[in-house]
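Because the structure is a prediction, the values reported are computed rather than measured. Order of the sequence lines sets the chain letters (A, B, ...), proteins ahead of strands, with each chain counted from 1.
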Amino acid sequence: MMAVATLFGPALSQDIGEGFSLTATDGRRIGPEELRGRPYLLFFGFTHCPEICPMALSEISLRLEDLGPDADRLTPIFVTVDPARDTPEHLRDYLGWFDPRILGLSGTDQETATAARTFRATYRKVRLADGGYTMDHTAAIYLMDAEGGFFGHIDYRDDPEMQLAELRHLLAADGRGADNPEQGH
Amino acid sequence: MIDKPLTLLAALLLLAGIPAMAEQGHHDIQIGQSWALATPPAVQVGAGYATITNAGAQPDRLLGADTQVAGKVEIHLMRHENGLMTMRPLSDGVEIPAGGTLELQPGGVHLMFLDLIRPLKPGETFPVTLDFQHSGPVEAEFTVRPAVGHHGDEAQAAHSH
């Protein structure tokens with residue numbers, strides 16, 4: 001996939017999504033092992049984000065609706081790059097407003113950095129003149145298969161039909177219980 | 001017939017002043033399609049968008065804005081740099097060319113509402129006073145819309161660079 005090469009460089013896709021450990025809003029520790037068995041999508045963001053994160057989460061919520069019962073076969077995940085402000089309670093309330101199925105993950109600064117690194121995502125804190133700060137961050141929505149392997153990525157600005165097709169491909173690639181007779185594309 | 005020189009002078013000054021006053025009155029600035037994103041609970045930041053047209057003969061500049069629902073309003077520019085989404089305040093404001101249009105839209109320049117006093121709910125409207133360098137304050141009603149289906153706006157913004 002050309003998009004993979006652009007984001008990650010050649011021959012790196014095997015490593016993506018390995019070795020991260022974060023805390024879910026209900027207190028569980030979540031890493032690749034806990035997610036194995038179901039495909040998942042993952043987005044890095046922060047709740048003080050006025051536009052990108054609300055729009056991305058809205059698109060994800062709409063796609064979950066579009067998928068109907070198939071949506072329950074994947075895990076949508078939001079990882080905060082701003083754990084200082086995005087406490088588990090706040091994350092849970094924020095994400096619940098979009099779709100209660102979205103799993104919120106946060107961690108220490110080190111755990112956050114490790115998670116971003118494994119997805120080849122970047123983020124940085126930018127101080128603002130009034131003493132506050134914003135976060136620059138990668139806005140890709142990562143698609144991971146049920147074995148925890150990198151499948152692809154979509155962008156919240158992509159055409160919704162294209163996003164939906166990618167999600168259906170992700171679900172079809174999960175060999176168990178696929179009700180779509182077309183495997184792959 | 002004017003027989004008093006002072007009256008003539010006053011009349012001439014008044015006549016000279018009128019074109020200057022009419023040159024950049026607030027009616028040169030029109031604000032349309034003004035809307036804001038609905039916000040989740042416990043989030044104090046929001047985004048606002050509008051189409052600003054300048055019918056005047058000289059450029060104007062949007063310097064800032066005020067609204068009762070937020071403690072502060074800033075103008076921010078979103079950019080996409082090597083896969084990284086960034087957002088920066090435009091502390092000098094942004095220009096609206098003479099006879100031109102400025103689009104505040106997703107993916108580009110937008111108003112950032114800071115320290116919201118309450119969540120913005122879809123369907124409600126609230127007034128925002130936009131402050132222009134030459135035209136002064138201009139008020140517009142912003143309609144709150146849900147955060148969905150604006151990908152067309154971003155596509156437009158992306159294509160306009």
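- Here B/L84 is the residue among B/T86, B/L84, B/V45 with the most heavy-atom pairs under 4.5 Å with chain A.
- Contact of B/M87 with chain A is made through backbone and side chain together, with heavy-atom distances under 4.5 Å.
- Ranked by non-hydrogen atom pairs under 4.5 Å with chain A, the options B/R88, B/H76, B/H80, B/Q44 are led by B/R88.
- Highest contact tally toward chain B, considering only A/T134, A/V126, A/L128, A/L95, is held by A/V126 [criterion: heavy-atom pairs under 4.5 Å].
- With a threshold of 4.5 angstrom between heavy atoms, B/S91 does not approach chain A through any atom at all.
- For A/F98 and A/F78, the ring centers sit 6.0 Å or farther from each other.
- Rounding to the nearest 0.5 angstrom, the gap separating the OG1 atom in A/T75 from the CZ atom in A/R101 is 11.0 Å.
- Around atom CG of A/D26, more than 12 heavy atoms belonging to other residues, nucleotides or ligands sit under 6.0 Å away.
- Contacts between A/R85 and chain B at a heavy-atom distance below 4.5 Å are absent for every atom of the residue.
- With a 6.0 Å cutoff to the six-membered ring centre and a 45° limit on the axis angle, A/R120 does not count as a cation-pi contact of A/Y142.
- Other residues, nucleotides and ligands contribute only 12 or fewer heavy atoms inside 6.0 Å of the CD atom of B/Q68.
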